[in-house]
Each structure stands twice: as structure tokens, then as C-alpha cells.
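One-based numbering, in listed order, for ligands and for the atoms of each. No experiment lies behind these values; they were computed from the predicted model shown. Every heavy atom of this structure was used, including side-chain atoms; hydrogens, water molecules and symmetry mates were not. In what follows, residues are counted from 1 in the order of the sequence shown.
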Amino acid sequence: MTRHLLVTGGAGFIGSNFVHHVLGTTDDTVTVLDKFTYAGHRASLAGLPEDRLTVVEGDITDAAVVDRLVGEADAVVHYAAESHNDNSLADPSPFLDTNLIGTYTLLEAARRHDTRFHHISTDEVYGDLALDDPARFTEHTPYNPSSPYSSTKAGSDLLVRAWVRSFGVRATISNCSNNYGPRQHVEKFIPRQITNLIDGIRPRLYGAGLNVRDWIHADDHSSAVLTILADGTIGETYLIGADGEKSNKDVVEQILTLMGHDAGDYDHVTDRAGHDLRYAIDSTKLRTELGWTPSYGSFDTGLAATIDWYRENEDWWRPQKAATEAKYAATGQ
Ligand code: NAD
Ligand code: DAU
């Protein structure tokens, strides 16, 4: 049976990868609701079948538009967020509006219309792990967010849990690790370094660069979300990860090598305030209960393909590059 999905934030990095995945692998139709902030791009949805995709420019805090679109959908997949930690340190205000009030507005509409709801969240709600700790995050790890961004994501998760328990909203939650792949904004770590090298700028590593992130290709994130939407248990949380732990230093060195430079050709810059040390996901629950496995190849293959994408799609990222670097220059990063 085909479904009609409302995808919030579908013009952003992971949301657009999800829309491409859904339209490429199912017969579902999709409405994207996106505010087109600095992080949303119409070009990210170019070339998709027009008879199965509707794009609405609007804000998830606008109760009227949200009520109409949620009422028309069989399910909501909620990606829209302010997503960048560094921006949340400079100005937390839009993070509270979009991540908290926006999620609340969607939940109230899902409650009124009894619409299935899937909430996209992050492993950052759990805080960080020590570099030498063998532990990984599980669904039972206590919440301990560090930044304005991750604290608003943690708050949004708790709203979803409360709306399930108090009002019977049919919701699931997933908390995923760091995504990489095509169409990611150049403010983020991997695209920033790739596009720096294309522009002849040396990569920038925060602090000593020993911080560890657990990388997953955005397409594997999408297949996991479709699996949870189909087979997940209402009220449950699922962690999504692909066993991709790497230090930032290792990633920068790998990018430099793949792009034909000396692995040591990067600079250390001012560290991020409150910088989380290590994220690591144990996705056993998703794999054993719902049978999901990542299908994208190794990080090395995915990184090489991502570099190729940025080399071939300069039109997509070029308009954002100078302003992004100017913002970083102001903080010494
Ligand atoms: P992104 O910043 O690339 O995209 C966010 C999208 O949301 C943009 O298209 C933007 O225009 C839209 N948006 C922002 N505010 C809005 C509003 N008020 N109303 C409607 N649309 C609005 O973000 P991303 O990296 O693709 O992240 C998407 C989701 O996935 C977020 O919820 C994030 O917390 C979560 N997540 C991200 C990662 C990651 O590695 N990037 C990992 C785990 C979870
Ligand atoms: O873990 C999931 C999270 O991953 C998501 O919830 C966030 O939305 C997403 O932005 C990402 O958060 P991070 O803060 O981990 O991602 P970012 O790309 O900003 O940085 C990755 C690491 O690289 C982090 O340790 C900071 C470091 N860094 C970042 C930049 C931009 C650098 O060393 N140099 C840089 O220039």
C-alpha cells in the first residue's frame, strides 16, 4: 500500500537524502515542509518525480500550515531542526523556536489527526563518552546533553515521549550518529574540509583533533528510518549507527590523502566550547528486533564518493562557502 509522507526539513541534508531514498525505493508520495533557512536548498530536491513530490515553503511553528499538512498525511517524518552546534553557541534562540516549539506544534497536530509520527533525533542527547571508555550509547543511556543544540533536541525527544504516554500519539524516535554524504552544508566538518581543499585553503581541526565521531552514510540513515516507520513499536526509541568510529584527526588526514595532499597539511584552530569528546552507538536493538543492517560500503568508499560529489557539484555549495568561512574566521576557527 502506498503512503503519503509529510517530511519536515526535507530540503536539508539528511531530509533531502531521505526524500531521494523514499522516491527511489518505494511508491510513496511525499510533501516536504521546509522553511528554507540558510540550510535548506531547492536544488537538493531537483530532478525528483514531480507527480510524487510537493514542496511547501513554511515554518513548523506555524500551527495552521502544520495542521493542514499533518491532516493530509499518513505519516510524518520530522527532520526539520536547527542542526549546527557552533551556530547554537553563537545564538541559541532559533534552536529553541524550531527544535522545541516546532516539535510541539507538530505533535499537537499529530494528536488531533491521530497521524503516525516519527521523530528524528541525535546521539548528542546522551552527552559524550571518554576516549578510553569501551562503552557505547544504548537506548538506556541517561540523557546528558552538552550544547544548546543538543539540549533542545533532548527536550524535543522528551516532548515526543510525553505525547505518546499522555495523549496516545503514535510516535517512534530514532537517535542517529554523525551523517556524511552528498548535499551536506559546508559549515559541517567533512564538507568544510573538502571544499577548503578545492579552494586551496588548509583544513581546520578544532583543538587537538582527538574527538571521535561515529560516521554513518545518510542513505543508511534513510533505510533505518523507513524500517522503523514500517516495523517499529509505538513509543519506542531506536539508536541508528554503522560502527564507524573515527577521530577527527584521522578523518582530516584521510580527506587530505584522498585529495592528493600530504596527510599533515592541516591547521589546529580554536576548540569548540564544551566540545563533546566521543560519540559511539550500539545499534543492536534496531538490528536484532527490526532486522536492519547498513548497506552502504565502508567509510573509505563513502568518503571518496562524497569528495567526488563536492568536486562535481560546485554550483550547489559555492553560494554558501564565502559567508560560512567569514563566520568561522570571526571565531578564530
Ligand atoms: P540541516 O541543517 O542540513 O537541515 C535542516 C532543514 O530544516 C533545512 O532544510 C531547514 O531549512 C529546515 N528548517 C529549519 N528550521 C525550520 C523550521 N522552523 N520550519 C521548517 N523547516 C525548517 O540538518 P540535517 O543535518 O539534515 O539534520 C536533520 C535532522 O537530523 C535534525 O533533526 C538533526 O537534529 C538530525 N540529526 C542530524 C545528524 C547529522 O549528522 N547531521 C545526525 C543525527 C540526527
Ligand atoms: O552526532 C550527531 C550530530 O552530528 C548531529 O546531531 C548534528 O546535527 C551534526 O551537526 C553533527 O554534530 P557535530 O558537532 O559532531 O558535527 P560537526 O560537523 O559540526 O563536527 C564534527 C566534528 O568535527 C566535531 O568534533 C567538531 C569537529 N570540527 C568541526 C568543524 C566544522 C573540526 O575539527 N573542524 C571544523 O572545521
Side-chain angles (χ1 to χ4, degrees), residues 7-18 32-42 44-45 56-62 65-66 77-89 94-95 97-99 101-103 105-106 119-126 128 137 145-147 149-150 152-153 156-157 174-181 183-193 196 203-216 218 221 225 239-241 246-249 251-252 266-272 275-281 324-325 328 333:
V7 180
T8 72
F13 165 46
I14 310 180
S16 69
N17 275 282
F18 179 74
V32 164
L33 172 60
D34 201 293
K35 189 178 176 180
F36 291 97
T37 66
Y38 79 97
H41 305 284
R42 287 184 190 277
S44 295
L45 298 169
V56 176
E57 180 167 349
D59 193 321
I60 57 166
T61 65
D62 179 340
V65 72
V66 163
V77 187
H78 173 35
Y79 287 91
E82 285 292 337
S83 70
H84 194 40
N85 278 298
D86 293 322
N87 293 345
S88 81
L89 295 166
F95 290 75
D97 289 339
T98 291
N99 301 359
I101 303 299
T103 301
T105 307
L106 285 157
H119 178 62
I120 302 294
S121 193
T122 168
D123 58 0
E124 295 194 19
V125 300
Y126 300 114
D128 60 354
F137 298 137
S146 312
S147 73
Y149 161 68
S150 55
T152 57
K153 290 300 290 187
S156 69
D157 293 10
S174 55
N175 298 80
C176 188
S177 61
N178 283 63
N179 285 221
Y180 73 99
R183 297 183 287 276
Q184 185 169 29
H185 195 280
V186 292
E187 70 190 354
K188 301 295 197 306
F189 179 50
I190 288 179
R192 184 181 184 206
Q193 315 313 333
N196 271 2
R204 307 273 202 260
L205 204 51
Y206 292 177
L210 300 180
N211 309 61
V212 170
R213 296 295 182 263
D214 188 352
W215 294 99
I216 181 173
H221 188 176
V225 169
L239 263 57
I240 305 173
K246 281 192 176 288
S247 74
N248 295 339
K249 184 170 176 296
V251 173
V252 157
Y266 58 84
D267 293 324
H268 293 275
V269 295
T270 311
D271 206 353
R272 175 183 284 171
H275 196 173
D276 279 341
L277 276 180
R278 172 174 158 253
Y279 305 140
I281 288 272
T324 303
E325 285 308 311
Y328 279 125
Q333 293 175 315

Contacting atoms of ligand 2, where contact means under 4.0 angstrom from a heavy atom of [X]:
X    : result
D123 : 1 (O), 2 (C)
L205 : 33 (O)
E187 : 31 (C)
Q193 : 34 (N), 35 (C), 36 (O)
Y279 : 1 (O), 15 (O)
N248 : 22 (C), 23 (O), 24 (C), 25 (O), 27 (C)
Y149 : 5 (C), 6 (O), 7 (C), 8 (O)

Checklist outcome for this item: ligand 1 to I120, heavy atom cutoff 4.0 Å, flagged ligand atoms 30 (O), 32 (O), 35 (C)
Next on the checklist: Within the 4.0 Å heavy-atom shell around F36, which atoms of ligand 1 are there?
Outcome noted: 11 (O)
Next on the checklist: So is Q333 touching ligand 2 or not, going by heavy atoms under 4.0 Å?
Outcome noted: no
Checklist entry - At a 4.0 Å cut-off, with the gap strictly under it, does some heavy atom of H275 reach an atom of ligand 2? => result yes
I want to know if ligand 2 touches [X] in the polar sense, i.e. an N/O pair below 3.5 angstrom.
X    : result
D86  : no
T122 : yes
E124 : yes
Y206 : yes
Y328 : no

Checklist entry - Who's the nearest protein heavy-atom neighbour of atom 44 (C) of ligand 1, and how far? => result S121 O, 3.1 Å
Item to check | Identity and separation of the nearest protein heavy atom to atom 9 (O) of ligand 1 | outcome: D34 OD2, 2.6 Å
For ligand 1, indicate whether the residue [X] contacts it via side chain, backbone, both or neither (heavy-atom separation under 4.0 Å).
X    : answer
P94  : neither
Y149 : side chain
H84  : neither

Touching ligand 1 at all, [X]? Heavy atoms, strictly under 4.0 Å?
X    : answer
A11  : yes
H185 : no
N178 : yes
S177 : yes

Item to check | Donor-acceptor pair between N211 and D128 side chains, under 3.5 angstrom | outcome: no
Next on the checklist: So, regarding S83 and ligand 1 (criterion: nitrogen or oxygen to nitrogen or oxygen, under 3.5 Å), is there a contact or not?
Outcome noted: yes
Next on the checklist: Can you check which of G181, A218, A80, A81 brings a heavy atom nearest to atom 14 (C) of ligand 1?
Outcome noted: A81
Next on the checklist: I want to confirm something. Looking only at heavy atoms, which of Q184, H119, K35 is nearest to atom 17 (C) of ligand 1?
Outcome noted: K35
Checklist entry - Using the ring of each side chain (for Trp, its six-membered ring), is Y279 parallel, tilted or perpendicular to F137, with breaks at 30° and 60°? => result tilted
Checklist outcome for this item: For S156 and N99, the nearest pair of non-hydrogen atoms, with its separation, is CB-O, 3.3 Å
Item to check | Which atom of P203 lies closest to which atom of N196, heavy atoms considered | outcome: CA-ND2, 4.2 Å
